[in-house]
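What follows is a short report on a single structure.
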2 protein chains.
Amino acid sequence: MPIQKISRQELLLKSISTFREKGYYRTSMRDLAEACGLTKGAFYHHFSSKEEVMKHCLIFSCNWFKENVYTIAYLPKLTAKEKMSKMSQKLLKTFTTGNGGCFFANTVIETSHVEDTFKGILKEYFQEWESAMVFILLSKYPEVEAKKLGKRTIVDIEGSIVLMQLHGDIQYLQDSIDRCIELC
Amino acid sequence: MPIQKISRQELLLKSISTFREKGYYRTSMRDLAEACGLTKGAFYHHFSSKEEVMKHCLIFSCNWFKENVYTIAYLPKLTAKEKMSKMSQKLLKTFTTGNGGCFFANTVIETSHVEDTFKGILKEYFQEWESAMVFILLSKYPEVEAKKLGKRTIVDIEGSIVLMQLHGDIQYLQDSIDRCIELC
DNA sequence: GTCTATACACAGATAGAC
DNA sequence: GTCTATCTGTGTATAGAC
């Protein structure tokens, strides 16, 4: 059995980069194929439609966040401050590596008033993020306050990414991350 | 001299609604023309390209904010709290009337990594907004703090709009507006 | 000023050779 | 599994009749 030249994971990673930078509608199947070093025809062998590529990209990316970022909130041996610091730094690095800021926020803004196709996975991403934030904050604040602050950290980070992208200045996100860490 | 059936302002308002809801790339010239009750051919009589329509939409909308929202910050007879309250309420109403949240933030996210075409006007919009916020806060806070808080209010509002759009829940933006007013 | 008709490029998607 | 070739729709933009 011959080994395929490019792995599914590699296809998804390259596609995520392209979608994140150019947006969903602006990205063509030709763009995706070329990013993966393939022709359109070959690319269609792996995915049946652009929508399907996007769905798998969102699911793959969401799982990556769950396994590599949000999981930090539930590590038993860390203090609340250590968790928040570690998780926030990881978010900072993720959102500033490559171009395009937050893949999920971009997709919300681009698609949420045009189609519901991706709403489920988008909501799941933000829900998992919020749960992780609230879980950390619960060891420092009463429940109502922790929930309020958890929501607020995400709002703060996403807003800072918009202004970071406009001005090309990481400081916006850095300040937002600092505010998160100061909560613990 | 015959009067034109549709005014330039009407063309821009309808185009802004369409761009705001569907995004720049997803909106076609046919969409814009139909929103104005015209055919593509007639629409091209008014604007030479889609990029030109967008530029004029952004400029028109930015001027509208300057004349109808940001100007509140400089009304001499109001207290800081009154200014912040009035301006924030106006922002809330604007961002929740019709669909699409913040036209400018949407355009930042959609275009800033693809082309620089609209960056100038986008930066002006956010700069004018920040100046207005900082001007109000300067009567309550020392300069460094006022500038920091001014930036933060915008980050907060823009982030809340992202989550508002995802969940279809105005409360996100309402909470952000409340936090702004509480600063004064 | 608005219309129909059209040119041309590129999009998403499929078929079939290798 | 990848390629080339092709189908079909739609996009931007223009030309010319009314």
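Proteins come first, then strands; the chains are lettered A, B, ... in the order of their sequence lines, and each starts at number 1. None of these values were measured; they are calculated from a predicted model.
Remark: B:Glu124 engages B:Lys66 in a salt bridge, criterion side-chain N to carboxylate O under 4.0 Å. A salt bridge does not link A:Lys86 to A:Glu82: none of the charged side-chain nitrogens sits closer than 4.0 Å to a carboxylate oxygen. Comment: A:Lys147 engages A:Glu143 in a salt bridge, judged by a side-chain N to carboxylate O separation of less than 4.0 angstrom.
Taking atom CZ of B:Phe47 as the reference point, atom C1' of D:dT12 lies 16 Å away to the nearest angstrom. Look at NZ on B:Lys22: it is 12 Å from C1' on D:dG11, rounded to the nearest Å. Following rounding to the nearest Å, B:His45 (NE2) and D:dA15 (P) show an atom-to-atom distance of 15 Å. Spacing between atom CD of B:Glu34 and atom P of D:dT10 amounts to 12 Å, rounded to whole angstrom units. In this structure, the CD atom of B:Glu10 is 16 Å from the C1' atom of C:dG1, given to the nearest Å.
Under the 6.0 Å distance and 45° angle rule, A:Arg20 does not count as a cation-pi partner of A:Phe103.
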**Message:** With ring pair (Phe, Tyr, Trp, His ring centres under 6.0 Å) as the criterion, how do B:Phe118 and B:Tyr24 come out once you've worked through the C-alpha distance, each side chain's angles and the decisive distance to 0.1 Å?
**Reply:** CA-CA 11 Å; B:Phe118 311 119; B:Tyr24 177 60; 5.1 Å; yes
**Request:** Let me have a per-nucleotide readout for nucleotides 3-18 of chain C, 5' to 3', with B, S or -, counting only protein heavy atoms under 4.0 Å.
**Result:** BB------SBBB----
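Classification of the B:Phe95-B:Trp129 ring pair by plane angle, with boundaries at 30° and 60°, yields tilted.
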